[in-house]
Asker: 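Dropping the structure in here first, questions after.
Letters A, B, ... mirror the listed sequences (proteins, then strands); counts begin at 1.
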There are 2 protein chains.
Amino acid sequence: MRATGSNREDLRQHNLSLVLRLVHRAGSISRSELTRLTGLNRSTISDLVADLVTLGLTIEREPESSTRVGRPSLNVSVVAEVACFVISPGYHSTTVAVVGLGGRVIAKRRKSTRINPNPDEVVETAIELIAQMSRDLPTKTRIAGVGVPVPGQVNILQKSVRFAPHLNWVDVPLGQMLEDALGLPVRLDNDGSLSSSAERDFGAGKGFDDIIYLFGGDGGIGGGIIMGGNVIRGSTGYAGELGHVRISDSRTEDSAGLPGTLEALVRREDLIEALRLDDADDDELHSALQGKLPPKVSRLVERQIDYLALAIANLVNIFNPQVVLLAGFLSALYDIDDYRLVNQVRLSSLNGARERVQIRTAALGSNLLLVGAAELAFAALLNDPAETKLFRIRDVKKPKP
Amino acid sequence: MRATGSNREDLRQHNLSLVLRLVHRAGSISRSELTRLTGLNRSTISDLVADLVTLGLTIEREPESSTRVGRPSLNVSVVAEVACFVISPGYHSTTVAVVGLGGRVIAKRRKSTRINPNPDEVVETAIELIAQMSRDLPTKTRIAGVGVPVPGQVNILQKSVRFAPHLNWVDVPLGQMLEDALGLPVRLDNDGSLSSSAERDFGAGKGFDDIIYLFGGDGGIGGGIIMGGNVIRGSTGYAGELGHVRISDSRTEDSAGLPGTLEALVRREDLIEALRLDDADDDELHSALQGKLPPKVSRLVERQIDYLALAIANLVNIFNPQVVLLAGFLSALYDIDDYRLVNQVRLSSLNGARERVQIRTAALGSNLLLVGAAELAFAALLNDPAETKLFRIRDVKKPKP
DNA sequence: GCATTATGTTGCCCTAGCCAACAAATAGAT
DNA sequence: ATCTATTTGTTGGCTAGGGCAACATAATGC
């Protein structure tokens, strides 16, 4: 049994963590709301917030205007000087972002790389971008760490990339490489898992505890699972490979060589090709699918919707989620014929489980993944505000010329 | 956000709950081990255990014999007088058990009913058996409540059975019916979920946090999911219907009318029929499958193993579990040709996820489900030992003549 | 019998959250 | 303007639960 006893310090840590989380999530929140949400005493909240202010994590301000009776409650908000870096390796470019506590994207910079860049190249690009961006940050900025969304399987404990078909990486100790290069704590996670938790916190999944997230991109279909409010990671962090759910006897293989899976049968490329588009982004694809379609394309779309429905139904039976979120080009499929999709899901799912499930398109937004990955970097700080060390911006290692 | 602040009382409750859980799980444990496991101070453990003794939940004893140096540590064990009832409705009989704190099955009685008994019949049978068994219990026995394992979909919050194909029940408010009849708090859960958590606590899943449990019975295939140590229930408690995972385009339907699912393609009845057995239990089926089989049966077995492997691979890709437990006749399939099964799983699962996954047969034991269901009844007590009310045996309502 | 070791017991300390009383700042009524 | 009602901030003291240290106790092993 893992559970351990709690003492006074744990209690304080828990409450401090809770308050900081609430402030972080809301960006700015009144002390009275904190008392309401936590159920703690006014004076306790006062004390906790004072601690957070001493730690340099939050500030208190007089509220701008009041609309209610009674003494106006002080406003607690996150300081601007605490931030983290997000390094997002992509197919042919790497993006680095500075994200502040509170989830604000302070800066974002992207640099092209070769297609299928090797890990060293990504690390080099990342530290270069970080060095550039660091110059623009106030010197008093303190960095909590680095979060890395990986388009592939991630071993969270080892901080390594197990397999990323998109990047053509196998067993890359990316976390260690970045920590050595930057001198900052680095945490990796699968992009689907990060997106799903970002959708829950800030996007279309707000307020839900049981979420299935499906993302359709260029390189395949990824996913994320949130159950009971927690991201499901499995034993080594590979859980949530929802693109590889088998739904048919078809021999068509997906990027991992598995036949008859969702990813093998519902392919963005097939749509692009059928529509004779060259290189469309999701918006272009979406609008191209809106008009009257040639019968051949129409049949393809219907087939893809049906397969998608089958996969969703399968997941609904397994997970009994409150909501299924569709992102990337999967949301386009939903928009084209949501009736067909929903109906097909109904037909293939169990009575009880399908009753209340909603199918929605994700809020998306390209910043969402960055914000999700920032949560990774902030996790330690949010979990133990008093003891987690922050790094000064000038202590971040520079690239060697 | 659900999380709330904690105060000193919560702290005490947490620690008290933790200690009681440890004693409950071990049945009997020394105070020194409690200090080690909880990380709390000797004196604190002393105080907590004293509280539990005052509450009449545990007793302290001098240890029998010592083998180590140093003053022998006092032994803390669960009292015999705290128990719960488990009511297990079956296809043509209902079983009632008295299970003590610590997971000991004190008494067990079974009564035949009609096939597909209606809910009233089950309730009547249950209160009759409980009344009989209560006479044999010491008068000072205190009852924590009633746990009910249901072979079907359960809405945990409403304490109702959504759909139980085996019993032919649809939307039965079984929890309410039993509470009215007995005057005791009743909790329901799906039998697969209960079995899986029982396997984790006491059976083949001991020490694992991420478990997929598959049970093959007469009426179909049920399942249970444990991730990160928690049972996955989904939004309304219907999660874990792993028998209805789709694995093929076959039109053969399962008990819920879904085609091509695990339950539709891997059927106990088919084996029984092929072997020309009449009505065999799992042991008989197991031994019947051991010898040299006619080619036709052999092919059937292989087909079933392959389908089972496909389903397991699917689940491994989705969940990345540490262990897959096979119970019921599925464990027979494993025993016949585990090499084939494991190999087929490898072929259809993703690299990372399959690396460390173990496939095992469950510990089973007919009492395991009862012990699992008892956990349900004890849950409130274990969660808040100081405040949870226990019921005297003579306050349990008697059946009306 | 003595040293060593581990645990139980006791009294005291410390701190985190609660509480009550009071102060302060607003809206709305007069 | 003034007064009331309402809400929140502030302060000092209280309380209880966990830690700690010192001592007592009971085992092993020489």
Side-chain angles (χ1 to χ4, degrees), chain A residues 3-20 28-55 58-77 384-387, chain B residues 3-20 28-55 58-77 384-387:
Chain A
T4 49
S6 301
N7 55 24
R8 269 197 336 273
E9 283 166 43
D10 300 330
L11 183 72
R12 184 63 165 190
Q13 181 188 328
H14 174 260
N15 286 340
L16 217 48
S17 162
L18 175 62
V19 171
L20 182 57
S28 172
I29 190 172
S30 73
R31 262 169 47 172
S32 70
E33 265 182 292
L34 287 173
T35 55
R36 241 182 354 93
L37 289 170
T38 59
L40 295 171
N41 193 282
R42 278 214 294 280
S43 47
T44 307
I45 288 295
S46 172
D47 201 41
L48 287 165
V49 171
D51 259 26
L52 290 176
V53 171
T54 308
L55 288 166
T58 64
I59 44 175
E60 276 187 309
R61 261 191 302 239
E62 303 288 325
E64 275 100 70
S65 69
S66 84
T67 159
R68 270 186 295 173
V69 207
R71 179 174 177 174
S73 189
L74 290 174
N75 206 284
V76 184
S77 59
D384 192 355
E387 298 299 324
Chain B
T4 49
S6 301
N7 54 25
R8 272 199 330 273
E9 283 168 44
D10 300 330
L11 183 74
R12 184 64 164 189
Q13 181 187 329
H14 173 260
N15 286 340
L16 217 47
S17 162
L18 175 62
V19 170
L20 183 56
S28 172
I29 189 172
S30 73
R31 263 173 41 176
S32 69
E33 264 183 293
L34 287 174
T35 54
R36 242 183 353 93
L37 290 170
T38 58
L40 295 171
N41 193 283
R42 280 214 293 279
S43 48
T44 307
I45 288 294
S46 173
D47 201 40
L48 287 166
V49 171
D51 258 26
L52 290 175
V53 171
T54 308
L55 288 165
T58 64
I59 44 176
E60 276 187 309
R61 263 191 302 238
E62 303 287 326
E64 274 101 71
S65 68
S66 85
T67 160
R68 271 187 296 174
V69 209
R71 179 173 178 174
S73 188
L74 289 175
N75 207 283
V76 184
S77 59
D384 192 355
E387 298 299 324

Asker: C/dA16, OP1 or OP2 - any side-chain N/O from A/Asn15 closer than 4.0 Å?
Answerer: no
Asker: Would you classify A/Ser30 as touching base, sugar-phosphate or nothing, given that sugar-phosphate means primed atoms plus P, OP1 and OP2, and contacts are heavy atoms under 4.0 Å?
Answerer: nothing
Asker: Rounded to the nearest Å, what distance is computed from the NE2 atom of residue B/His14 to the C1' atom of nucleotide C/dG17?
Answerer: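 These atoms are roughly 18 Å apart.
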Asker: With a 4.0 Å cut-off on heavy atoms, is A/Thr35 in touch with a base, just the backbone sugar-phosphate, or nothing at all?
Answerer: nothing
Asker: Please compare A/Leu11 and B/Leu74 by the position of their nearest nucleotide in DNA chain C and report the one closer to 5'.
Answerer: B/Leu74
Asker: Does a side-chain N or O from B/Ser43 land closer than 4.0 Å to OP1 or OP2 of D/dG19, or not?
Answerer: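 So the side-chain polar atoms of B/Ser43 never come under 4.0 Å of the phosphate oxygens OP1 or OP2 of D/dG19.
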Asker: What's the CG-C1' distance between A/Leu16 and C/dG17, to the nearest Å?
Answerer: 13 Å
Asker: To the nearest 0.5 Å, how far apart are CD in A/Glu33 and OG in A/Ser73?
Answerer: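 Output value for this atom pair is 8.0 Å.
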Asker: Give a yes or no on whether a donor-acceptor pair under 3.5 Å exists between the nucleobase atoms of D/dG17, that is its base, and the side chain of B/Arg12.
Answerer: no
Asker: Rounded to the nearest angstrom, tell me the gap between atom CD in B/Glu62 and atom P in D/dA26.
Answerer: 8 Å
Asker: With B/Thr58, which of B/Ile29, B/Val76, B/Leu48 fulfils side-chain contact (heavy atoms from CB on, under 4.5 Å)?
Answerer: B/Val76
Asker: Could you say whether B/Ser46 or A/Gln13 is positioned toward the 5' end of DNA chain C, judged by the nucleotide with the nearest heavy atom to each?
Answerer: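 Result of the comparison: B/Ser46.
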Asker: Identify the residue among A/Thr44, A/Leu20, A/Leu34 that makes a side-chain contact (heavy atoms from CB on, under 4.5 Å) with A/Val49.
Answerer: A/Leu34
Asker: Can a side chain N or O of B/Ser73 be found less than 4.0 Å away from OP1 or OP2 on C/dA6?
Answerer: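 No, because none of the side-chain N or O atoms of B/Ser73 sits under 4.0 Å from OP1 or OP2 of C/dA6.
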Asker: To the nearest Å, give me how far apart CZ (B/Arg68) and P (C/dT7) are.
Answerer: 6 Å
Asker: Rounded to the nearest angstrom, tell me the gap between atom CZ in B/Arg61 and atom P in D/dA26.
Answerer: 19 Å
Asker: If I take atom CZ in residue B/Arg42 and atom P in nucleotide D/dG18, what distance separates them, rounded to the nearest angstrom?
Answerer: 17 Å
Asker: Would you sort out whether A/Glu60 and A/Arg31 count as a side-chain contact (heavy atoms from CB on, under 4.5 Å), showing the intermediate values?
Answerer: CA-CA 9 Å; A/Glu60 276 187 309; A/Arg31 262 169 47 172; 2.5 Å; yes
Asker: Nearest whole Å is fine: how far is C/dA16 P from A/Asn41 CG?
Answerer: 15 Å
Asker: Quick check for you: among C/dA25, D/dA27, D/dA24, whose closest atom lies nearest to any side-chain atom of B/Arg71?
Answerer: D/dA24
Asker: If you compare every side-chain N and O of A/Ser32 against the phosphate oxygens of D/dT8 (OP1, OP2), does one of them come in below 4.0 Å?
Answerer: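 Yes, A/Ser32 has a side-chain N/O under 4.0 Å of OP1/OP2 on D/dT8.
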Asker: Without swapping roles, check the side chain of B/Thr54 against the backbone of B/Ala50 for a donor-acceptor pair under 3.5 Å.
Answerer: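 Checked: pair present.
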Asker: To the nearest angstrom, how far is B/Asp47 atom CG from C/dG11 atom P?
Answerer: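 The distance from CG of B/Asp47 to P of C/dG11 comes to 13 Å, rounded to the nearest Å.
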